[in-house]
Amino acid sequence: MAVGRDGRDFMGILLAVNLVANVIILGLAGWSLDKYIDGEQNHPHLDGNTTTSFVLMFALIAGVVGACSVIAGIMHFYAWRNESLAEAFSLGIISWALTALAFGYYIQS
């Protein structure tokens, strides 16, 4: 058995789940930002809070960076080299940090 093979067996499933989660984040944040920009604030989560637009923008940025980290993860899955691991890991950490920032900003508002 090759070194690191155990983690590689589950990597495809986790990448697929991560991609679906990021697509859902992008869809919901994009839809909510569109409703917020159009002034349709009759939804309970768009009550006119001053931080709503910032939270939605951070969520969109986190979703895009997260989708890019999934693409980097897929490239690492096929290459399976140290260089591709560094790229996928660093982009994944940045994606996680942006998601945590958007979530933390939402809790503070």
Side-chain angles (χ1 to χ4, degrees):
M1 186 175 265
V3 174
R5 183 69 182 166
D6 294 336
R8 192 173 182 186
D9 293 339
F10 296 107
M11 190 173 170
I13 296 168
L14 292 175
L15 283 171
V17 169
N18 196 359
L19 181 64
V20 168
N22 283 312
V23 167
I24 289 172
I25 288 171
L26 284 172
L28 288 175
W31 173 80
S32 294
L33 188 62
D34 182 48
K35 294 290 185 183
Y36 189 77
I37 289 172
D38 289 342
E40 299 177 21
Q41 297 176 355
N42 56 356
H43 299 286
H45 68 284
L46 296 175
D47 286 348
N49 192 345
T50 56
T51 61
T52 302
S53 61
F54 296 112
V55 170
L56 293 174
M57 285 187 263
F58 275 121
L60 281 173
I61 292 169
V64 169
V65 174
C68 291
S69 73
V70 170
I71 293 171
I74 291 170
M75 291 172 55
H76 170 63
F77 182 74
Y78 288 118
W80 206 255
R81 294 188 325 254
N82 287 336
E83 296 85 13
S84 62
L85 174 63
E87 174 190 359
F89 181 76
S90 62
L91 196 53
I93 291 295
I94 292 170
S95 168
W96 180 83
L98 286 172
T99 305
L101 176 68
F103 183 68
Y105 194 40
Y106 177 72
I107 288 177
Q108 292 294 326
S109 61

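Computed from a predicted model, the values in this text were never measured in an experiment.
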Sequence neighbours excluded and cut-off under 3.5 Å, please list the side-chain donor-acceptor pairs for residues 92-99, or say none.
from: T99; atom 1: OG1; to: S95; atom 2: O; distance (Å): 2.9

* If two hydrophobic side chains count as joined below 4.5 Å and joins carry through other members, does V20 share a cluster with M11? -> no
* Asked: Quick one: do L15 and Y78 end up in the same hydrophobic cluster if we chain Ile, Leu, Val, Met, Phe, Trp and Tyr together by side-chain heavy atoms under 4.5 Å apart?
  ->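 In one cluster: yes.
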* Asked: When rounded to the nearest 0.5 angstrom, what distance separates NE2 in H76 from CG in L91?
  ->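 So the gap between those two atoms works out to 13.0 Å.
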Per-pair distances, 0.1 Å, donor-acceptor, side chain in residues 21-29, under 3.5 Å, sequence neighbours excluded:
from: N22; atom 1: ND2; to: N18; atom 2: O; distance (Å): 3.0
from: N22; atom 1: ND2; to: N18; atom 2: OD1; distance (Å): 3.0
from: N22; atom 1: ND2; to: G66; atom 2: O; distance (Å): 3.3

* Structure fact -> To the nearest 0.5 Å, atom CD1 of I74 lies from atom OG of S84 at 13.0 Å
* Nearest 0.5 Å, what's the CZ-CD distance between R81 and E87? ->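 Here the rounded value is 9.5 Å.
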* For atom CE of M57, is the number of surrounding heavy atoms from other residues, nucleotides or ligands below 6.0 Å larger than 12? ->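 Counting neighbours around CE of M57, more than 12 heavy atoms of other residues, nucleotides or ligands fall under 6.0 Å, so yes.
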* In terms of hydrophobic clustering (I, L, V, M, F, W, Y; side-chain heavy atoms under 4.5 Å; direct or indirect links), are F54 and L60 co-clustered? -> yes
* Which word best sums up how the rings of F77 and W80 line up, parallel for under 30°, tilted for 30 to 60°, or perpendicular for over 60°? ->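 The rings of F77 and W80 stand perpendicular, inter-plane angle above 60°.
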